Amino acid sequence: MLKPFLFCAAAATALSACTYDVHGRGEGRSVDAAGLVASRNVDVPGDAEFSGMFVGADGRVGRDLELSGATVRSNMIVGRDLEASGGRVRFTGEVGGDAEISAGTADIDARIAGHTEIAAGRVTLDGHLHGSLEMDGGHMVLRADVDGPVTVRGHGRDDGDGRVEISGRLRQGGLICAAEVELRSGARLEDGFLVISHTRPDGEGFEWEALGRRDCEDL
């Protein structure tokens, strides 16, 4: 049994090591990593792309960062845009442009300058978003402060419209639609919000409508 185990371990290590590529020069120097395990600490002025079963990417990227894998973990400063997808995605750091994240489970704690778009079965969002937010999920915990307009749509529970818990400061109005909406201590909804849910949440600073038989994804 030892030989097959060692062979598999060696194969996994080789796959990870032989698919790391640095290309370009000067400000265009970029990296690509792919394999069963794609994990690196990088500092490049250009782009970076990581893909694999297990992805770990830390450091600094001057332009765009793209991550995809079954499990994705990254602590990164990104100069421009972030795109991350996976079964489980955890990202911490800073994004100088837009962020697009799709996952079964997403755990995000970041400062994002541009538009943020998240689609996940379960998502926890911390940090500070300077742009707008569009988020779709089954169970969403929104603890981040958001400077731009917000659109949150629930889905995926028995009745198809999910749950959202909010404790952040949302400064520029928007739409929140879910079967259950909870405004926790510290939540601040400013500049005109429409909340659509089965029952009216406690709190103030918003208009409320009963969801009834409507679907959040159609609103």
Side-chain angles (χ1 to χ4, degrees), residues 47 57-67 72 74-85 89-103 105-155 161-178 180-197 200-209 216-217 219:
D47 303 322
D58 298 329
R60 182 187 300 268
V61 173
R63 296 193 307 209
D64 299 337
L65 174 63
E66 184 175 344
L67 307 168
V72 174
S74 180
N75 180 12
M76 190 78 78
I77 296 176
V78 183
R80 294 199 309 206
D81 297 340
L82 166 70
E83 183 177 342
S85 61
V89 173
R90 175 173 175 77
F91 180 85
T92 58
E94 299 179 12
V95 178
D98 300 335
E100 182 178 348
I101 298 159
S102 57
T105 300
D107 189 355
I108 312 299
D109 187 354
R111 182 177 293 273
I112 301 172
H115 174 68
T116 301
E117 184 173 344
I118 301 173
R122 299 180 66 88
V123 55
T124 300
L125 178 59
D126 290 279
H128 194 146
L129 311 185
H130 295 282
S132 55
L133 169 65
E134 183 175 349
M135 184 162 66
D136 295 80
H139 187 176
M140 298 167 283
V141 177
L142 175 52
R143 297 193 292 240
D145 293 336
V146 185
D147 295 340
V150 170
T151 302
V152 174
R153 297 185 183 91
H155 64 81
D161 290 302
R163 172 182 173 83
V164 57
E165 303 168 17
I166 298 172
S167 56
R169 183 179 181 183
L170 314 182
R171 292 182 171 90
Q172 205 176 123
L175 169 70
I176 299 170
C177 180
E180 301 175 58
V181 176
E182 180 181 355
L183 302 181
R184 294 191 167 183
S185 176
R188 294 180 63 181
L189 275 56
E190 302 174 358
D191 202 29
F193 267 91
L194 174 61
V195 175
I196 303 175
S197 58
R200 189 188 191 283
D202 295 333
E204 56 185 22
F206 60 90
E207 296 182 5
W208 176 78
E209 291 182 6
C216 289
E217 63 182 2
L219 299 175

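Predicted model, so just to flag it, every value in this text is computed and none were measured.
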Least distance between heavy atoms, [X] atom then [Y] atom:
X    : Y    : value
A120 : A106 : CB-CB, 4.1 Å
A99  : I112 : CB-CD1, 3.9 Å
C216 : A178 : SG-N, 3.4 Å
V95  : R80  : CG1-O, 3.2 Å
L183 : P201 : CG-CB, 4.4 Å
M140 : G154 : CE-CA, 3.6 Å

Could you grab the distance from atom [atom1] of [X] to atom [atom2] of [Y], nearest 0.5 Å is fine?
X    : Y    : atom1 : atom2 : answer
N75  : R90  : CG    : CZ    : 9.0 Å
S197 : R163 : OG    : CZ    : 11.0 Å
E207 : L175 : CD    : CG    : 11.5 Å
L129 : R111 : CG    : CZ    : 10.0 Å
L65  : R60  : CG    : CZ    : 13.0 Å
D145 : R169 : CG    : CZ    : 7.5 Å

Side chains of [X] and [Y]: closer than 4.5 Å at any heavy-atom pair?
X    : Y    : value
V181 : V152 : no
L194 : E209 : yes
L142 : I176 : no

Is it the case that the side chain of D64 and the backbone of D47 share a donor-acceptor pair, with hydrogens and angles ignored and the cut-off at 3.5 Å? no
Can any side-chain N or O of D98 pair as donor or acceptor with the backbone N or O of H115 at less than 3.5 Å? yes
Show, in sequence, the C-alpha distance, side-chain angles and deciding distance for T124 and D109, and conclude whether the side-chain contact (heavy atoms from CB on, under 4.5 Å) test is met. CA-CA 8 Å; T124 300; D109 187 354; over 6 Å; no
When you look at CZ of R171, are more than 12 heavy atoms from neighbouring residues, nucleotides or ligands closer to it than 6.0 Å? yes
Applying side-chain contact (heavy atoms from CB on, under 4.5 Å) to R153 and T151, what does each step give before you reach the verdict? CA-CA 7 Å; R153 297 185 183 91; T151 302; 3.5 Å; yes
Flag for D147-H130: side-chain donor and acceptor within less than 3.5 Å: yes
Pair L125-V146, side-chain contact (heavy atoms from CB on, under 4.5 Å): steps then yes or no: CA-CA 11 Å; L125 178 59; V146 185; 5.6 Å; no
What verdict does the side-chain contact (heavy atoms from CB on, under 4.5 Å) test give for L82 and S74, after you've listed the backbone C-alpha separation in whole Å, the side-chain angles of each residue and the deciding distance to 0.1 Å? CA-CA 11 Å; L82 166 70; S74 180; over 6 Å; no
